[in-house]
Every structure is written in structure tokens, then in C-alpha cells.
Amino acid sequence: MKAHFLSCMSMYPENGRNINMESMFDYGSRCGFWRLHRLFTSKKLPVTVFAVGMALERNIEAVGAMKEAEWEVSSHGYRWWDYSKDVDEETEKEHIAKSIQIHQNLLGKRPFGFYQGKPNENTRRLVIEEGGFLYDSDSYADDLPYWTMEYAEGRPHLIIPYTLTENDMRFTTGGWSADEDFANHLKETLRFLVEEGRAGQPKMMTVGLHCRLSRPGRIAALEKFVDFAKSYGRDVWVCTREQIANHWYENHLPRGVGNPIKPSSYTTSSIMGGFAGVGNTYSPSASSFSNSASKFSYLGNLTAPRDSGTGELDKTGAIKAAAQVADGDII
């Protein structure tokens with residue numbers, strides 16, 4: 001099985017190791033992760049990490065740092081493979097199960113989010129059939145989370161889209177040549193989305209970052225964007241993707257057409273949060289969505305259950321509640 005590395009601009013060996021590429025990913029583990037960790041912890045920002053299972057096993061120090069920082073660690077599968085090519089269904093299913101077990105062993109809990117990165121036509125079905133995921137991010141189809149009832153006998157499944165546009169991977173594809181270009185693009189994107197949110201069109205913003213690409217100048221530019229986002233105060237909510245999922249289960253769980261939702265308790269114009277990853281190390285992302293004037297105006301207001309002791313969202317119960325929703329069209 002050949003690894004598929006997007007950040008390599010030259011051909012890799014057909015049947016051998018690519019030493020240059022290995023060193024690029026090593027940079028992420030040795031330097032990039034810690035640079036991002038310092039930035040986000042110093043700014044007190046919540047984070048979502050898309051982590052490859054095998055990478056977690058090989059980066060115990062990083063696991064400890066993420067656990068101590070109380071970041072969300074979402075599953076990025078077991079191996080950094082191209083699952084759209086030559087990976088059979090049983091192997092992929094086994095890899096999903098392995099990644100969950102690694103999370104349990106190293107982090108003390110299973111992941112509630114999943115992003116394969118290079119999925120195939122079976123991936124989402126396998127994720128839903130596993131039964132414990134609140135959401136997946138293998139989509140680029142919207143500016144907000146949305147539901148699908150394609151699998152599991154009509155049970156709604158939440159999709160929180162990712163992005164390849166507000167993403168530092170564009171440094172490797174000619175999208176940006178200067179670090180400031182990245183920061184300016186992110187600032188203009190957030191500024192425009194906040195304006196849309198204030199006008200009644202709420203949005204989510206995702207920024208994809210990769211440890212292996214986290215060079216000093218780029219993180220200096222990223223810090224400017226983080227400060228810009230924080231300057232909005234309560235107009236921008238910085239959160240994890242799991243928090244976004246919880247909000248959607250609590251406020252926008254579909255129940256068919258004709259049932260307007262209750263107004264959201266959030267008064268912010270834009271919500272931003274996350275820390276996502278690609279490759280054999282981890283990488284950050286930011287996600288945002290905005291105020292209570294939701295475009296899901298005809299979704300039901302079924303409330304997901306909470307734990308009677310802690311008051312926290314009962315994720316198992318939430319998934320069961322979703323399974324019990326009546327059939328109906330979903331906007």
C-alpha cells in the first residue's frame with residue numbers, strides 16, 4: 001500500500017521509502033505540533049485535532065499534551081492511506097475499530113468525530129453503522145453543519161464540513177506564496193461571514209492547519225488572525241467541532257418539515273473553533289458559525305437527552321434519539 005502525501009511536490013518512489021517526505025512529517029512531530037500547541041494554549045483556545053490512530057501510538061508526548069489541554073481529539077482513521085483506492089470494506093471497517101480502541105487506550109475515551117480525508121463510497125456508511133460517532137467531516141458541501149438520512153434506516157447523521165480553501169495546504173499548491181496572504185485571506189473570510197451572520201445568514205468557518213507545514217512565519221501570520229478573531233469578543237464563539245455537534249443535536253435535530261426550531265440561546269454573530277489534522281501528525285483547524293437566525297428554520301426542536309448527574313449531553317442517548325426521529329423531508 002502506497003501512502004498518498006499531498007504535500008510532496010515531486011514523485012515518490014514506487015516501491016520504497018521517501019526519505020525526504022518522512023523528514024517533512026517528522027518536522028510536524030518535532031516542531032510544528034509544539035509551535036501550534038504553544039500558540040493555542042497561550043491564547044486559551046479550544047481545539048479539535050484530527051489524529052491518525054497510528055500517529056497517536058507513536059507520539060505519546062503529544063497525546064499527553066492534548067489530553068492535558070482538554071482538546072477534542074477526533075479520529076482521522078488508523079492509517080494515513082488513500083481509502084478511495086484499493087482498500088476493501090473489511091479493512092476499512094477494521095481500521096475504524098482500531099482507531100477507536102487507540103483513543104480509548106491512550107485518551108481514556110472514544111472519539112465522537114471522524115474525518116477519513118480520502119474516503120470512498122463505503123466510508124460514511126461504516127462510520128454510521130459503528131454507532132458511536134456524533135459527526136463526520138468528510139464533506140466540503142456547505143458553510144454550516146447539515147444532516148443526512150442516507151444510511152442506518154433513516155437515522156439522521158450529522159456532517160460538519162471541512163475546507164480545502166481556508167487551509168494551509170495551499171502553501172504547497174501555489175495558492176499562497178507569502179505568509180501574510182494566508183492571514184489576510186482568513187481575516188477577510190471571517191469578516192465577511194460575521195457580516196452575513198449579523199444579517200441573519202449564520203455561518204461556520206473552518207481553518208485547516210497541518211503540523212508539518214507550521215513554519216515560524218506562517219504561525220506568526222496565524223497568530224495575527226487569532227487575535228483578529230478574538231477582537232470580535234462575543235460576536236465570535238471559539239469552540240470545538242464536538243461543541244458544534246452538541247449544539248446541532250440540541251437545537252437542530254431534524255424532525256420533518258413544518259416544525260420551526262426554538263430560537264438559539266446563542267447571541268453571537270459567528271462561532272469559530274477547532275483544530276484538525278492531516279498526515280501522520282496532528283494539525284489544527286478553526287470552525288465558526290453564527291447567530292440564532294438559522295437557515296434550518298423548518299427543522300424540529302427535539303432536544304437530545306442530558307446526563308441526569310452531570311447535565312452534560314448524553315452522546316449515546318443523542319444518537320439513539322436521532323434514530324427515533326420520524327421520517328420526513330429535511331432542509
Side-chain angles (χ1 to χ4, degrees), residues 48 50 72 74-77 83-84 89 92-93 95-97 99-100 110-163 201-204 206 240-264 271 274 276 287 289 292-306 313-331:
T48 295
F50 288 161
E72 178 197 0
S74 181
S75 177
H76 200 11
Y83 285 86
S84 69
E89 182 174 332
E92 185 174 22
K93 184 176 181 179
H95 281 194
I96 292 172
S99 69
I100 295 170
R110 62 157 297 135
F112 292 109
F114 188 88
Y115 175 64
Q116 191 76 284
K118 300 179 184 65
N120 57 58
E121 62 273 17
N122 299 316
T123 303
R124 179 160 292 137
R125 175 175 56 80
L126 294 175
V127 167
I128 294 172
E129 288 176 354
E130 191 279 328
F133 289 104
L134 284 177
Y135 70 91
D136 81 71
S137 292
D138 279 309
S139 173
Y140 311 90
D142 209 312
D143 290 325
L144 282 173
Y146 63 95
W147 300 94
T148 180
M149 295 179 73
E150 188 174 359
Y151 302 108
E153 299 179 353
R155 186 185 90 197
H157 172 71
L158 184 64
I159 300 170
I160 303 180
Y162 188 50
T163 182
Q201 295 294 320
K203 294 296 184 291
M204 178 184 78
T206 295
T240 67
R241 294 171 94 80
E242 185 178 345
Q243 288 175 301
I244 293 174
N246 289 346
H247 176 78
W248 239 250
Y249 274 89
E250 292 171 341
N251 296 278
H252 306 302
L253 195 61
R255 203 170 187 172
V257 174
N259 239 352
I261 63 171
K262 295 178 182 177
S264 168
I271 297 179
S287 306
F289 75 88
S292 59
S294 172
K295 76 175 185 180
F296 295 99
S297 56
Y298 291 98
L299 296 186
N301 55 18
L302 181 62
T303 301
R306 289 183 170 275
L313 181 71
D314 178 353
K315 295 176 175 59
T316 301
I319 293 169
K320 288 181 179 177
Q324 296 167 1
V325 172
D327 292 339
D329 295 331
I330 298 177
I331 295 176

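Keep in mind that the numbers below use all heavy atoms, side chains included, and drop hydrogens, waters and symmetry copies. Numbers for residues simply follow the sequence, beginning at 1.
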Handout entry: Side-chain donor/acceptor of Tyr135 to backbone N/O of Pro145, under 3.5 Å
Key = no

Exercise for the section: Taking the side chain as every heavy atom from C-beta outward, state whether Pro161 and Thr206 have any pair of such atoms under 4.5 Å apart. Expected result: no

Fill in the blank from the handout: So NE2 of His157 and CD of Glu129: to nearest 0.5 Å the spacing works out to 11.5 Å

Practice task
Kindly confirm or rule out a cation-pi arrangement of Arg110 over Phe133, judged by NZ or CZ under 6.0 Å from the six-membered ring centre and within 45° of its axis?
Solution key: yes

Exercise for the section: Hey, could you give me the CD/CZ distance between Glu130 and Phe114, rounded to the nearest 0.5 Å? Expected result: 9.5 Å

Practice task
For the pair Asp136 and Arg124, find out whether any cationic side-chain nitrogen is under 4.0 Å from an anionic carboxylate oxygen.
Solution key: yes

Completion exercise
In terms of heavy-atom contacts, Leu144 and Pro202 come closest through CD1-O, 3.4 Å

Practice task
Give, for atom CD1 of Ile160 and atom CG of Asp142, the distance between the pair rounded to the nearest 0.5 Å.
Solution key: 12.0 Å

Exercise for the section: Measure the spacing between CG of Leu253 and CG of Leu158 and express it to the nearest 0.5 Å. Expected result: 9.0 Å

Practice task
Begin with the C-alpha distance, continue with both residues' side-chain angles, and end with the deciding distance and a verdict on side chain to side chain donor-acceptor pair (under 3.5 Å) for Glu92 and Asn120.
Solution key: CA-CA 10 Å; Glu92 185 174 22; Asn120 57 58; 3.0 Å; yes

Practice task
Working to the nearest 0.5 Å, report the span between CZ of Arg125 and NZ of Lys93.
Solution key: 8.5 Å

Fill in the blank from the handout: Heavy-atom nearest pair, Ser99 first then Ile96, reads OG-O, 2.7 Å

Practice task
For the pair Asp138 (side chain) and Gly117 (backbone), establish whether a donor and an acceptor sit closer than 3.5 Å, ignoring hydrogens and angles.
Solution key: yes

Problem - For the student: nearest non-hydrogen atoms of Tyr151 and Glu121, plus distance - result: OH-O, 3.7 Å

Problem - Gap between atom CZ of Phe112 and atom CG of Asn246 - 0.5 Å precision - result: 9.0 Å

Exercise for the section: State whether the side chain of Trp248 and the backbone N or O of Trp147 hold a donor-acceptor pair below 3.5 Å, judged by distance alone. Expected result: no

Practice task
Could you tell me whether a side-chain N or O of Glu72 sits under 3.5 Å from a main-chain N or O of Thr240, the two making a donor and an acceptor?
Solution key: no

Exercise for the section: Report yes or no: do Arg241 and Ser74 form a side-chain donor-acceptor pair below 3.5 Å? Expected result: no

